[in-house]
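Heads up: numbering here begins at 1 and tracks the sequence. Everything numeric in this text was worked out from a predicted model, so none of it was measured.
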Amino acid sequence: MHRPTLIHRAALAACASLAFSAQAQTTPEASPAAEGQEASNLLSPVVVTGSRINARGFTQPTPTTRLDAVDMEKAAKPNLFNALAELPALQGSTGRTTSTNSTSSGIQGLSSLSLRGLTPIRTLTLIDGQRVIGANVTGVTDVSQFPQLLIKQVDVVTGGASASYGSDAVGGVVNFVTDKRFTGFKANVEAGQTNYHDDKNATLQAAWGRAFLDDRAHLSASVEYSREDGVPSPRFGGAGANGRTWFKNPAFQVRPIGQTTDGKPQYTFIENAQQFQYAKYGLITNGPLQGTAFGKDGVPFKFNYGSNGVPTGTGAVTGCVTPFCVGGDLSGTVGGGTTLGMDMTRQVVYTRGSFELNPDHELFFTFNYGKVDSRFTPNPGAAKNANLTIQCDNPFVPASIQAACASNGITSFQFGTANAEFPKDIEVNPVRTQARLVLGANGRFDALGTPWTYDAYAQHGQNTIDIRVANMSLNNRYNAAIDAIRGPNNTIICRNPVAVAAGCKPLNVLGDVTADPAAMAYIEPANGPHQHSRQRQTVASFAVNGEPFSLWAGPVAVAFGAEARKEQYYVTGDPYGNGVSATSPNTPEYPADPLLNTAIGNNWYAGNYHNAEGSYTVKEGFIELNLPLFKSASLGEANFNIAGRHTRYSTSGGVNTWKAGTTWKTGIDGLRLRAVTSQDVRAPNLSELFAAPLVVNNTVNYNGGTVTIQQRTIGNTNLRPEIGRNTTFGIVLAQPKWAPGFSASIDYFDIKVNDVISSLTAQQEVDLCVAGNQEICAAMDLTSATKFVTLQAFNLASMRNKGFDLEGVYRFDLGMGLPGRITLRALATNTRSFVTNSGVVGTIPSEAAGVNLGNTPKWKGQFSQAWDSDTANFTVSQRWISKGVYSNEYIECQASCPVSTVVHPTILNNQMKGAFYWDIGGSYNVSKNLTLFFKVDNLTDVDPVAAPQTGTGYGINPFLYDVLGRQYRVGARMAF
């Protein structure tokens with residue numbers, strides 16, 4: 001439900017601003033805060049994300065990019081996630097424009113961050129160095145549920161940090177640091193929309209803070225309401241949403257491998273792809289009547305196939321390659337009917353209170369409540385790809401077609417339809433609600449003759465996720481409803497008497513006719529697929545910091561601590577999706593139906609959610625040391641940083657992680673070297689350990705024959721943690737005397753991950769067993785009377801990602817009496833190689849670097865040029881993605897191509913364009929209490945590059961490309 005009144009009011013309250021595409025504060029010591037050396041008092045310790053050492057003057061070896069509150073204000077995004085996801089090192093993050101074609105992925109509407117393209121499950125996201133309850137069963141954190149107005153900085157650690165923070169920090173850490181001493185009142189109001197007059201959005205934020213009892217007590221709170229209307233589905237046909245002309249039904253046309261002996265490529269990129277297995281209101285797809293479509297009032301007509309295609313009567317079409325022709329009647333295509341951007345509403349409430357017992361000890365609490373409500377359409381209608389059978393005596397079949405059936409000696413025909421007569425599209429509505437309470441203490445004490453600090457907290461978080469799907473059809477009811485006959489008094493009824501007794505109402509799917517509301521209510525019941533899940537996380541942690549003694553080059557710093565954690569979840573699905581069980585019984589909302597499968601469920605067209613539950617515990621302890629190596633006027637100064645952690649999981653036992661690194665501030669002015677290597681882990685998540693059990697029948701090839709099996713899907717509690725090895729070394733030039741205001745760095749990274757957890761098909765498991773994998777052989781029995789293959793996740797694959805990070809900043813005054821200061825910034829990541837070995841028989845390692853259908857382009861960069869004065873600022877910024885390929889495994893050729901293979905297909909053109917976006921923004925301080933701002937993203941309205949697949953879809957890649965178009969935002973900030 002849209003709320004234009006709120007948006008219009010917010011727009012009237014807002015005005016002009018600076019937007020700065022979240023260019024980060026670079027690690028090259030552009031300011032002391034960039035290396036965690038900010039001023040602080042005892043009870044507001046130094047923040048050095050990526051390390052647990054809080055000693056003043058400590059420089060950690062792990063590269064860290066920092067965004068402060070000013071950067072985030074300049075980004076002027078409705079959701080802070082959008083600003084962070086643009087950082088070059090953050091690749092593969094999920095947001096409002098990703099997974100909009102999915103009903104059951106579980107990540108729809110999540111704002112989750114991913115470093116290095118390793119996916120969000122290998123990026124640890126923290127708030128104030130503390131863990132946060134996951135927003136789905138994979139443990140991924142939804143950052144949109146954080147108190148965005150009280151975030152004073154975000155640290156992005158682009159290196160392994162498991163030794164410091166524990167599991168999941170294989171790619172790195174993103175730590176949100178709140179302003180714990182905020183006083184006063186501030187508010188932000190902003191509104192915007194796209195160039196296409198959609199995705200109207202409004203954000204209202206307010207924060208308050210006050211000190212009490214002579215500054216011994218402090219209380220702060222923030223509230224936030226944000227609404228983004230999204231981009232509605234244009235439904236059927238080849239048109240993009242709201243006048244977006246770039247959508248042209250892109251796809252890959254794929255010939256059978258056996259036909260590639262002619263020297264022509266197997267894959268060809270096409271536009272205006274037409275599925276010839278269905279039409280908008282129905283198409284006969286096989287037999288003597290193939291090519292007959294149905295139009296207004298069910299009148300038959302000859303379907304216009306693209307590619308000058310002619311139906312063969314056997315299901316094929318001459319001149320076309322299954323399943324596509326090019327051009328022709330595109331009115332029934334569904335690819336453009338996916339929501340481009342979700343309709344999303346966010347509500348966040350946050351409060352923090354603290355009290356100093358005395359000058360040395362403080363107690364604190366935080367409470368966070370967040371609710372994110374998303375809505376989107378994965379696809380219009382419910383397309384049936386030539387998989388329906390219509391009987392010729394069906395009374396909805398036009399008389400001319402019934403006569404043609406008789407003359408051709410057939411009693412039925414094969415049929416496909418986009419079901420465009422359905423009055424409403426499928427709507428998926430995930431609602432995530434988080435409640436999180438933290439109680440803690442920090443302070444100082446003396447021991448061994450030196451001062452020490454401590455920090456301890458206990459946290460309990462709960463995330464409740466409800467996914468409801470509207471306008472979803474039940475397959476068996478649909479099949480029963482479209483199979484009609486003449487009944488008593490010449491009425492039309494369903495053919496199946498069991499279905500009739502259960503309430504079946506006949507549905508006419510032949511032509512552009514008004515769907516009978518009673519039939520639609522039967523096949524699309526008011527209560528559609530529903531999943532309810534609840535996750536809980538309980539954490540207790542403490543850490544101690546101190547400098548117990550000194551060496552020749554300075555004090556030795558040490559941090560140590562321990563943590564205990566429990567993760568648990570349960571999820572229930574409706575009885576039609578899960579099957580009927582004690583936890584998913586038939587109810588008045590989901591009454592018993594003899595047509596539906598009660599054992600395994602899976603009755604819905606999509607959105608078949610299943611029950612599961614599980615829990616595990618973690619106990620761990622860590623220690624970290626910083627040892628000064630030398631300090632002299634000629635050699636400079638160097639330190640050695642080492643950390644170790646032992647973790648014991650209740651499911652998989654113990655595992656060790658460690659980190660060793662060094663920094664050398666050389667005797668050369670401004671030049672510093674750093675290097676670090678670490679062993680990191682990602683523990684199997686709740687979903688992988690305790691996946692919902694499901695049993696279906698399947699077949700596999702074994703010992704030269706086809707074997708019918710039970711395919712048993714279940715979690716694998718024997719999974720081991722993934723083991724990562726992360727190595728980084730770099731050079732930093734920080735404001736040398738010969739170039740004041742200039743800083744730059746270049747870092748090389750090499751990340752290896754072994755024992756990667758992955759899932760396989762039944763056939764892949766059988767092949768691996770035959771090849772000698774005994775662990776997988778234990779998951780099947782192909783010799784007994786009851787043959788089965790158990791589908792589980794296994795520690796099977798491996799990954800290796802290598803590349804460079806480059807950052808630079810140059811600040812200078814204009815001089816010559818001109819006001820203001822210029823800041824030039826650049827950040828870029830070059831992924832040299834990203835190889836994944838699936839471990840599956842018959843496959844080869846795949847190279848993902850530069851595959852622009854994925855999320856790791858060769859180059860991803862951000863650049864900005866900003867002018868700032870005491871009263872105003874203006875920024876021009878750019879975002880860049882280098883050109884790439886569809887796949888590094890493809891062989892590009894136009895003629896004389898080699899015979900295509902499964903691992904090395906041939907393709908006509910393997911080039912995929914990159915993108916370059918311009919953003920501008922500015923702000924003006926009307927008074928010391930009021931600032932007006934504006935922001936324009938994608939100023940030149942660059943269209944997304946076509947990202948074809950082998951099936952129909954929008955054909956875009958929202959992980960890399962801007963898919964919404966030019967976006968305008970205006971707003972006002974107030975502070976008192």
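Distance CD/E421 to CG/D512: 8.5 Å, rounded to 0.5 Å. For the atom pair D229 CG and R375 CZ, the distance stands at 12.0 Å (nearest 0.5 Å).
Y278 and N419 share no donor-acceptor pair across their side chains, judged by distance under 3.5 Å alone. Side chains of E847 and S833: a donor-acceptor N/O pair is present below 3.5 angstrom, by distance only. No hydrogens or angles considered: a donor-acceptor pair under 3.5 Å links the side chains of N79 and S111. A side-chain N or O of D767 and one of Q763 form a donor-acceptor pair less than 3.5 Å apart.
The side-chain hydrogen bond (donor to acceptor under 3.5 Å, both in side chains) search around Y305 returns none, not counting sequence neighbours. The side-chain contact (heavy atoms from CB on, under 4.5 Å) test applied to V963 returns T97, L340, P944, I956, P958, not counting sequence neighbours. Take T836 and apply the side-chain hydrogen bond (donor to acceptor under 3.5 Å, both in side chains) test, not counting sequence neighbours, and it matches no residue. Applying the side-chain hydrogen bond (donor to acceptor under 3.5 Å, both in side chains) rule to R96 yields the partners D199, E228; only residues at least two apart in sequence or on another chain are considered.
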Q414 vs I390, side-chain contact (heavy atoms from CB on, under 4.5 Å): CA-CA, chis, key distance, verdict: CA-CA 6 Å; Q414 189 172 301; I390 302 295; over 6 Å; no

Go through the steps for D962 and Q967 under the test side-chain contact (heavy atoms from CB on, under 4.5 Å), then give the verdict. CA-CA 10 Å; D962 186 319; Q967 300 171 70; 3.9 Å; yes

Set out, in order, the CA-CA distance, both residues' side-chain angles and the distance that settles side-chain contact (heavy atoms from CB on, under 4.5 Å) for Q290 and T312, then state yes or no. CA-CA 8 Å; Q290 182 184 357; T312 64; 4.2 Å; yes

Stepwise, does the side-chain contact (heavy atoms from CB on, under 4.5 Å) test hold for F413 with T285? CA-CA 8 Å; F413 51 82; T285 58; over 6 Å; no

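In this structure, W246 and Y954 have tilted ring planes: the angle between them lies in the 30° to 60° band. F301 and F303 have tilted rings, their planes meeting at an angle from 30° to 60° on a 0 to 90° scale. Ring geometry for F252 versus Y267: interplanar angle over 60°, hence perpendicular rather than tilted (30 to 60°).
Considering every non-hydrogen atom in both V321 and Q253, the closest pair reads CB-CG, 3.4 Å. Of all the heavy atoms in Y609 and T103, the pair that sits closest is OH-O, 2.8 Å. Pairing each heavy atom of A515 with each of L507, the nearest pair is CB-CD1, 4.2 Å. In this structure, M342 and G95 approach most closely via the heavy-atom pair CE-O, 4.5 Å. Considering every non-hydrogen atom in both S887 and V851, the closest pair reads CA-CG2, 4.2 Å. The two residues A273 and F324 come nearest to each other via the heavy atoms CB-CD2, 3.9 Å.
Between D919 and the options Q862, Q878, R879, a side chain to side chain donor-acceptor pair (under 3.5 Å) holds for only R879. Applying side chain to side chain donor-acceptor pair (under 3.5 Å) to R244 and the options D198, D943, N195 leaves one that passes, D198. Shown are T417, V513, I401; of these, the side-chain contact (heavy atoms from CB on, under 4.5 Å) with F294 is made only by I401.
Residue N387 qualifies as enclosed at atom CG: its count of foreign heavy atoms under 6.0 Å is above 12.
Formation of a donor-acceptor pair under 3.5 Å by the N471 side chain with backbone atoms of D425 is found in this model. Judged by distance alone, the side chain of T333 and the main-chain N or O of L330 form a donor-acceptor pair under 3.5 Å.
Among pairs with a residue in residues 304-330, none fulfils salt bridge (charged side-chain N to carboxylate O under 4.0 Å, His left out), at least two apart in sequence or across chains. Applying the salt bridge (charged side-chain N to carboxylate O under 4.0 Å, His left out) definition to pairs two or more places apart or across chains, none involves residues 277-305.
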